[in-house]
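Beneath this line is the structure, given in structure tokens, with notes to follow.
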Amino acid sequence: MAEVATDQLQVWVDQDLCTGDGLCVQYAPEVFEFDVDGLAYVKGPDGELVQAPGGRVDVPEHLRLEVIDSAKECPGECIHVVRGSDGVEVAGPEAED
């Protein structure tokens, strides 16, 4: 997990699996937000929700742990945190633990 500390991370939400539980919004409201459909989306630094399926945003460095915890705790297992350099999932349903 050492390589995660220096690599840029990106995150996206699979709305098809989102349960609307809201843990992610509680953990990292700067990154996750509910839309009118009651599902969580990621948002960019401009605050705009990324609604394209699989649309990713960069994880702010100061929120890395919160975003990774969101992916690990998500009941819908719909949050994917990937390394920007190679797309390998470091947290979420497809991460190798």
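Any value given below was found using the heavy atoms of this structure, including those in side chains, with hydrogens, waters and symmetry copies removed.
With E89 contributing its side chain and E94 its backbone, the two residues share a donor-acceptor pair below 3.5 Å. Listed for the Q8 side chain is no donor-acceptor partner under 3.5 Å among the backbone atoms of P60. Without hydrogens or angle criteria, E77 side chain to G92 main chain gives no donor-acceptor distance under 3.5 Å.
Between G55 and V50, the closest heavy-atom pair is CA-CG1, 3.6 Å. Shown here for D7 and S85, the closest heavy-atom pair between the two residues is OD2-OG, 2.7 Å. Of all non-hydrogen atoms in E48 and D46, the two that sit nearest each other are N-OD1, 2.9 Å. For the pair I68 and A91, the tightest heavy-atom approach, listed with the atom from each and the gap, is CG2-CB, 3.9 Å. For E73 against L23, the heavy-atom pair with the smallest separation is O-CD1, 3.5 Å.
Annotation: the span from L39 atom CG to D16 atom CG amounts to 9.0 Å, rounded to 0.5 Å. Of the inter-residue distances, the one linking R64 atom CZ with L9 atom CG reads 4.5 Å to the nearest 0.5 angstrom. In this structure, CG in D69 is found 10.5 Å from CD1 in I79, a value given to the nearest 0.5 Å.
Residues H80 and P93 are in side-chain contact: their nearest non-hydrogen atoms beyond the backbone lie under 4.5 Å apart.
Y41 and W12 are assigned to two separate hydrophobic clusters, defined by single-linkage of ILVMFWY side chains at heavy-atom distances under 4.5 Å. A continuous path of hydrophobic side-chain contacts links V59 to V42 [ILVMFWY only; heavy atoms under 4.5 Å]. Both V13 and V90 are assigned to one and the same hydrophobic cluster, defined by single-linkage of ILVMFWY side chains at heavy-atom distances under 4.5 Å.
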Please output the side-chain donor-acceptor pairs of residues 24-35 that fall under 3.5 Å, not counting sequence neighbours, one pair per line with the distance.
residue, atom, partner, partner atom, Å
E30, OE1, H62, NE2, 3.4
E33, OE1, K43, NZ, 2.6
D35, OD2, Q51, NE2, 2.3

